[in-house]
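Notes to accompany the following structure.
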2 protein chains.
Amino acid sequence: MSKEKKTAMCLSQRALAMQASPIRRLVPLADAARQRGTHIYHLNIGQPDIATPRDIMDAIRNFGEEVLAYGPSQGLPALRQEIKKYLERQDIMVSADDVLVTTAGSEAIIFAMMAIGDPGDEILVPEPFYTNYNGFATMAGMKIVPVPTDVEEGFALPSKAEFVKRITDRTKAIMYCSPNNPTGALFSRKDLEMLAGLAQEKNLWLLADEVYREFTYDGGYHTSVLHIPGVEDRAIMMDSISKRFSACGARVGCVVCRNTEIMQTMLKFGQARLCPPTIEQVGAIAGYQNIDKYLKKMITEYQRRRDVVCEELAKIPGAIFKKPAGAFYIMPHLPIDDSDKFAQWMLTDFSHEGATTMVAPGDGFYATPGQGKQEVRLAYVLNEGDLRKALKVLAKGIEAYNRRK
Amino acid sequence: MSKEKKTAMCLSQRALAMQASPIRRLVPLADAARQRGTHIYHLNIGQPDIATPRDIMDAIRNFGEEVLAYGPSQGLPALRQEIKKYLERQDIMVSADDVLVTTAGSEAIIFAMMAIGDPGDEILVPEPFYTNYNGFATMAGMKIVPVPTDVEEGFALPSKAEFVKRITDRTKAIMYCSPNNPTGALFSRKDLEMLAGLAQEKNLWLLADEVYREFTYDGGYHTSVLHIPGVEDRAIMMDSISKRFSACGARVGCVVCRNTEIMQTMLKFGQARLCPPTIEQVGAIAGYQNIDKYLKKMITEYQRRRDVVCEELAKIPGAIFKKPAGAFYIMPHLPIDDSDKFAQWMLTDFSHEGATTMVAPGDGFYATPGQGKQEVRLAYVLNEGDLRKALKVLAKGIEAYNRRK
């Protein structure tokens, strides 16, 4: 058989380049621990324990159509209208035509990336960043160029110079997430104005992942990319109901942009996949209509949890972190040699009073090799009591890990 | 501003290459016709009018979890198990691990394409083909290479030689759909054995879109790519519940393959997008558990509709078609100069007794320029009475269209 024949049926380079999920690859180890009878505190994944609002569940249960039919590729008109109104209440003025409903935030990111870049093109992203940006970029054949931030500075946005020196003739966009997954950092209006100015100066797209928009603490205000004047044509906001409504399984998100040309383009991707899930959009409509009923309570709850995590982390000798201002993550530097090994060891070799704690190793959130080895991401998605126990178990784990031979 | 700056913020080549949906672009014209009070018989889109099975809707309404949480990236284990059992009943032996649940058939196709090919790689597809293959290939940077079929031969599978002469060193796969959208052709076991032999000989992947698997008439048997021995490592089957359960809005599909390496690869794409919609998977489980209750009745109904369409088409002078053996589409050659113009004209300029008929222009299903101009795709997704009226209106429309100056 000739060489060319041999290469025809193989995996694509793109497939080989796909990173296996650094969080999900610990799952078999967790399963084994559970089978041994160990209780696992899950701080490893952003799956809130908070109940999905009743209004959403009721709307889903009351879905009355006889045929579960295709919806419009743009999303249900009523949902696009509710999203427009929801944004209006945050002083973001857009029309329903500026809203394209997507199958969760994941698809919003994929559509945005594919609309602005071709294989080989680059996107600047403050690092550490949400792991799956890598996966989406790989699917699109594009490259994430990391711009480092530092735990000692609370993962504050890098300076303009740090972005500028990484811009090449393949750079198409700056992308960021605020409030940030995985760090909890909240970028200020001034930060965003710097990014917006840079995007204008270098003629780049500006992509904002605002999935955690409401998750700000101590009265902190979230500035949207859509609040910044001068970048109306280049600002693309990516969103999801997953966290806001504790509805991760719904797979309803959206992309919002005032540039009609790029919206038309993303709609073509949307038409190819026909439509987002219908019933869960009906649920989302009810969520947006009733958002004021529970959002404040939920944020108060998360702020308390953040305080608990920080209190407990402060007791761990050698832990370095700043109190995060948003999202529901914190990414402390811990006195460990290798967070990947540590996360595995916690599942395979450790328990304290019958329990262990599962964390997300820091290196999975970095594109720069060697970075994040002493960091872990903790998602504070457990109730206060469990969270306190989980952190105590983590502290005991660190001690034992460092005592082991 | 320098030239290089000007090019940074622009649409991607991929975005520019995306075809606007040839069916959906007629929608504004249909809206306007409706506003004028014209009734529209929709034969243009594969949205069945048949009620989604009660079991599915009940399962959705009875969803009892408090938190609408992320599911596994592979899909719910219970659903994968039901799909395995469903395939077993059709003599397709796979394990639940060979099943990856996707966000509808669309995602199944995207994952399969991205796993097997890189930008510039080619996939051979019998033409005409499902329009959105083009869109998915464009998103993946890949190229669909059409292999022509002919209305006069009922769009039968092309000969081996026709495939062979289009194979280049960039060819990665042969992809086909049977029962076929848009033609209704059903490929025989012998056809598939030819394709399988060719795939082995040339070391290509073999991708089968089997979304219409049950939609076969006159006792015709659907052979799955997974039935064919010798291609276990290279056969990838893509599926969806959309048509089978008249649940197009559910967005639940799957990809089935016995090659664990490619399954692991596709799972990495799946992990990046986290999971398919949870509640609608719960609905799908109930659908598969109760499929025997209504499938036979549904197929009998579609067979009757097909007969009605063929009866009425036979009365149109100059119409050329063969009675299709599967799916719920037919793609007749009609005595018109340009199916795109004709489809528009039917919406903008024609009505008969207050009604018109909306069809999908044939050229949208061809990659070869100039092809399909005298063909339209009709989806027989209306009840018998309406279908007969829709075809009579179509016949009157063709007469009037050809009489116009």
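Sequence lines set the chain letters: A, B, ... in the order given, protein chains first and strands last, and positions in each chain run from 1. These figures come from a predicted structure and were not determined experimentally. Reckoned from all heavy atoms, side chains included, excluding hydrogens, waters and symmetry mates.
When heavy atoms are compared at a cutoff of 4.5 Å, I50(A) approaches chain B solely by way of its backbone atoms N, CA, C and O. Looking at A173(A), neither its backbone nor its side chain comes within 4.5 Å of chain B, counting heavy atoms on both sides. With a threshold of 4.5 angstrom between heavy atoms, Q264(A) does not approach chain B through any atom at all. Contact of P48(A) with chain B is made through the backbone alone, with heavy-atom distances under 4.5 Å. Of the two parts of A199(B), neither the backbone nor the side chain holds a non-hydrogen atom closer than 4.5 Å to a non-hydrogen atom of chain A. For N134(A), no part sits under 4.5 Å from any heavy atom of chain B, backbone or side chain. R61(B) touches chain A through backbone and side chain together, each having a heavy atom under 4.5 Å away. Neither the backbone nor the side chain of Q281(A) comes within contact range of chain B, judged by heavy atoms closer than 4.5 Å. For chain B, the nearby parts of A250(A) are the backbone and the side chain; heavy atoms of each come within less than 4.5 Å. Interface residue M57(A): only side-chain heavy atoms are found under 4.5 Å from chain B. Within the 4.5 angstrom heavy-atom criterion, atoms from both the backbone and the side chain of S73(A) approach chain B.
Residue K268(B) comes nearest to M18(A) through the heavy atom pair NZ-O, 2.9 Å, listed as atom of the first residue, atom of the second, then distance. In terms of heavy-atom proximity, S106(A) sits nearest to A272(B) at OG-O, 4.0 Å. Residues L68(A) and T52(B) come closest through the heavy atom pair N-OG1, 2.8 Å. Here the closest heavy-atom approach between residue E280(A) and residue T278(B) is recorded as OE1-N, 4.1 Å. Smallest separation of non-hydrogen atoms from A51(A) and V67(B): CA-CG2, 4.0 Å.
When each of Q47(B), R234(B), R251(B) is scored by its heavy-atom pairs under 4.5 Å with chain A, the top score falls to R251(B). Ranked by heavy-atom pairs under 4.5 Å with chain A, the first of A69(B), S246(B), G135(B), G46(B) is A69(B). When each of C248(A), G283(A), G71(A), G141(A) is checked for heavy-atom pairs under 4.5 Å with chain B, C248(A) comes out on top. The residue among I167(B), V252(B), I262(B), L274(B) with the most heavy atom pairs within less than 4.5 Å of chain A is L274(B). Put simply, of P53(A), C275(A), G249(A), the one with the most heavy-atom pairs under 4.5 Å next to chain B is G249(A).
The ring pair (Phe, Tyr, Trp, His ring centres under 6.0 Å) analysis of residues 46-71 of chain B, with sequence neighbours excluded, yields no pairs.
More than 12 non-hydrogen atoms from other residues, nucleotides or ligands lie less than 6.0 angstrom from CD of E232(B).
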Is there a side-chain contact (heavy atoms from CB on, under 4.5 Å) between C10(B) and K172(A)? Walk through the geometry before answering.
CA-CA 8 Å; C10(B) 56; K172(A) 291 290 169 187; 4.1 Å; yes

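The shortest distance between side-chain heavy atoms of M9(A) and N203(B) falls below 4.5 Å. Between T265(A) and L16(B), the closest side-chain pair of non-hydrogen atoms is not below 4.5 Å.
Side-chain atoms of W205(A) never come within 3.5 Å of backbone atoms of L11(B) as a donor-acceptor pair (strictly under, hydrogens ignored).
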Donor-acceptor pairs under 3.5 angstrom involving side-chain atoms of residues 111-123 of chain B: please list them, not counting sequence neighbours.
| residue | atom | partner | partner atom | Å |
| --- | --- | --- | --- | --- |
| D118(B) | OD1 | Q13(A) | N | 3.3 |
| D118(B) | OD1 | R14(A) | N | 2.9 |
| D118(B) | OD2 | Q13(A) | N | 2.6 |
| D121(B) | OD1 | R170(B) | NE | 2.8 |
| D121(B) | OD1 | R170(B) | NH2 | 2.9 |
| D121(B) | OD2 | D118(B) | N | 2.8 |
| E122(B) | OE1 | T168(B) | OG1 | 2.9 |

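Interatomic distance, I60(B) CD1 to I60(A) CD1, rounded to the nearest 0.5 Å: 9.0 Å.
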